[in-house]
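First the proteins, then the strands, lettered A, B, ... as listed; each starts at 1. Just so it is clear, the values below take in all heavy atoms, side chains as well, and ignore hydrogens, waters and symmetry mates.
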There are 2 protein chains.
Amino acid sequence: MIDNNRRNLCLMALLAPLSAHAANAKEPVHQDGEGHMSMPDRSVHWEGNEQIAMLMYPGMTVMDLIGPQCMFGSLMGAKVHLVAKTLEPVTSDAGVTIVPTATFDTCPRNLDVLFTPGGTDGTLAAAADHETLAFMADRGSRAKYVTSVCSGSLILGAAGLLKGYRATSHWSCRHALAGFGAIPTDARVVQDRNRITGAGVTAGLDFGLMMIGKLRSRFYAECTQLVSEYDPHPPFNAGSMKTAPQKVKADMVELLSGFSKKAEALAHSSA
Amino acid sequence: MIDNNRRNLCLMALLAPLSAHAANAKEPVHQDGEGHMSMPDRSVHWEGNEQIAMLMYPGMTVMDLIGPQCMFGSLMGAKVHLVAKTLEPVTSDAGVTIVPTATFDTCPRNLDVLFTPGGTDGTLAAAADHETLAFMADRGSRAKYVTSVCSGSLILGAAGLLKGYRATSHWSCRHALAGFGAIPTDARVVQDRNRITGAGVTAGLDFGLMMIGKLRSRFYAECTQLVSEYDPHPPFNAGSMKTAPQKVKADMVELLSGFSKKAEALAHSSA
């Protein structure tokens with residue numbers, strides 16, 4: 001378990017002004033007979049107590065995980081659990097090895113947010129792993145929000161969590177979601193009831209920031225956005241299938257065509 | 001050491017079309033007498049062999065590291081080293097624990113890219129740690145590029161690597177760079193000769209993508225951008241000191257004021 005209080009020791013001491021402003025932002029300030037302002041005690045609102053479980057598995061794409069973790073990590077009082085099958089360190093597709101903080105057994109049963117990152121072959125393996133799917137289906141049946149970024153939605157789909165839901169994924173395998181009964185939707189972040197899915201890799205930041213707004217408030221999300229200086233200015237303009245040059249698209253579609261076909265096959269085998 | 005070939009097994013097999021297009025993009029195609037196109041063999045250009053060292057230390061902000069790692073991880077043939085003082089797992093400010101792949105001793109002596117992430121108290125500690133600074137000063141004296149994201153530039157400054165260089169940092173401590181002899185510059189990514197520094201946290205993605213363009217080519221960077229679907233659309237508009245609402249700015253400046261003062265003190269104590 002990651003207790004955000006650890007990270008935010010220096011922030012905790014300064015919580016008061018944040019609470020005060022939150023109070024100002026949310027309710028009118030009352031004046032008593034002498035003209036003194038009395039502000040409602042909103043500190044508990046800023047402290048939160050969300051339980052957030054982020055799945056990890058071998059071959060995941062670590063940016064899918066860390067973009068959202070960057071945002072969730074700003075939630076004062078929340079507990080973020082990095083959950084894997086065992087406590088053995090988990091190695092990402094690019095070789096980054098992270099130590100889990102919980103297992104399928106020790107992960108809290110009732111969650112505010114259940115989340116899974118994506119990847120390629122590692123994700124297909126996780127989406128065919130019975131223990132992983134059982135964990136996801138169980139926690140997903142009670143979680144306030146069921147979420148993913150990138151091809152992580154293949155795992156949600158394989159766990160039966162997307163039947164009849166609009167959802168997105170990495171562009172290379174979004175179409176495969178249909179095989180799980182989901183409605184593939186082309187947008188960077190898609191919310192359908194309590195299922196919130198993000199597009200590929202870096203979409204995790206937009207997803208994460210949106211989640212802060214939902215879990216706390218717009219003001220809290222804006223504070224998080226400023227601290228993470230999330231004012232992106234990509235040096236090129238090839239980040240989507242709509243904007244990338246033709247040769248780039250053609251090559252990357254071909255590069256990922258093997259994965260696309262396997263994702264399609266997985267989804268249809270579960271239908 | 002992380003060998004990107006591990007990550008990219010499925011991509012390796014598909015390298016040929018990428019090489020072919022690269023050849024098309026970089027040199028005119030020659031035609032022989034029969035009208036057949038012969039393309040220069042550019043496969044070695046796409047394989048690369050960069051040595052990239054990314055510093056890790058307790059209390060670092062993991063998004064500062066993983067944004068750039070997401071981009072560097074796309075470099076076919078490159079070796080990305082996660083370097084720490086020892087091989088003991090390193091825990092970030094928000095409690096994410098990552099296993100190093102190299103130590104100051106085993107990290108290659110000659111690097112294409114030396115990089116350091118930022119953080120708050122952990123960064124100040126690293127910037128005052130003799131072994132860390134000795135490592136950074138040594139590798140930085142020979143590295144092709146000396147780089148950082150967020151408050152990581154405080155470490156570069158403390159290692160003496162920014163004297164007379166324009167550089168940026170997280171907005172909360174950019175001013176402190178002057179104490180290290182650097183020229184604080186307000187931009188998301190700043191390049192001065194071979195020193196390339198990024199602003200706070202999420203600027204690491206813009207920094208990283210720019211680096212791919214420098215290390216390989218624009219085409220390669222565009223391919224990386226599309227695969228990572230880096231087409232950002234933040235749900236709010238508070239990501240910089242220029243755009244955030246007044247109350248958000250005031251609160252976050254206050255929240256980080258302790259850190260800002262300590263960064264200033266550190267920089268001036270080294271002058």
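- B/Trp171 places no side-chain N or O within donor-acceptor distance of the main-chain N or O of A/Val227, the cut-off being under 3.5 Å.
- Neither the backbone nor the side chain of A/Pro100 has a heavy atom closer than 4.5 Å to any heavy atom of chain B.
- Ranking B/Val62, B/Asp64, B/Thr243 against chain A, the residue ahead of the rest is B/Val62, based on heavy-atom pairs under 4.5 Å.
- Heavy atoms of A/Lys249 lying under 4.5 Å from chain B belong to its backbone as well as its side chain.
- The shortest distance between side-chain heavy atoms of B/Pro234 and A/Gln225 falls below 4.5 Å.
- For chain B, the option among A/Ala244, A/Gly119, A/Ser240, A/Ser228 with the highest count of heavy-atom pairs below 4.5 Å is A/Ser228.
- Residues A/Ile98 and B/Thr97 form no side-chain contact, since every pair of their non-hydrogen atoms from C-beta on lies 4.5 Å or further apart.
- Residues A/Leu205 and B/Leu205 form a side-chain contact, since some pair of their non-hydrogen atoms from C-beta on lies under 4.5 Å apart.
- Side-chain contact between B/Gln69 and A/Ile66 is absent, with no heavy atoms from C-beta onward closer than 4.5 Å.
- Between the side chain of A/Glu222 and the main chain of B/Asn237, no donor-acceptor pair closer than 3.5 Å is present.
- No side-chain heavy atom of A/Lys242 sits less than 4.5 Å from a side-chain heavy atom of B/Asp231.
- If you tally non-hydrogen atom pairs under 4.5 Å between each of A/Leu65, A/Val189, A/Val99 and chain B, the highest count goes to A/Val99.
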Using residues 206-213 of chain B as the side-chain source, report each donor-acceptor pair under 3.5 Å to any protein atom, sequence neighbours left out, with the distance given to one decimal.
residue, atom, partner, partner atom, Å
B/Asp206, OD1, B/Tyr230, OH, 2.5
B/Asp206, OD2, A/His233, N, 2.9
B/Asp206, OD2, B/Arg188, NE, 2.6

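- Contacts between A/Ala199 and chain B at a heavy-atom distance below 4.5 Å involve backbone atoms as well as side-chain atoms.
- Listed by chain and residue number, A/His170 satisfy the side chain to side chain donor-acceptor pair (under 3.5 Å) test with A/Ser172 (two or more places apart in sequence, or in another chain).
- Atoms OG1 and CZ, on A/Thr224 and B/Phe236 in that order, are 9.5 Å from each other to the nearest 0.5 Å.
- Using modelled atom types, one side-chain atom of B/Thr202 and one backbone atom of A/Glu229 make a donor-acceptor pair closer than 3.5 Å.
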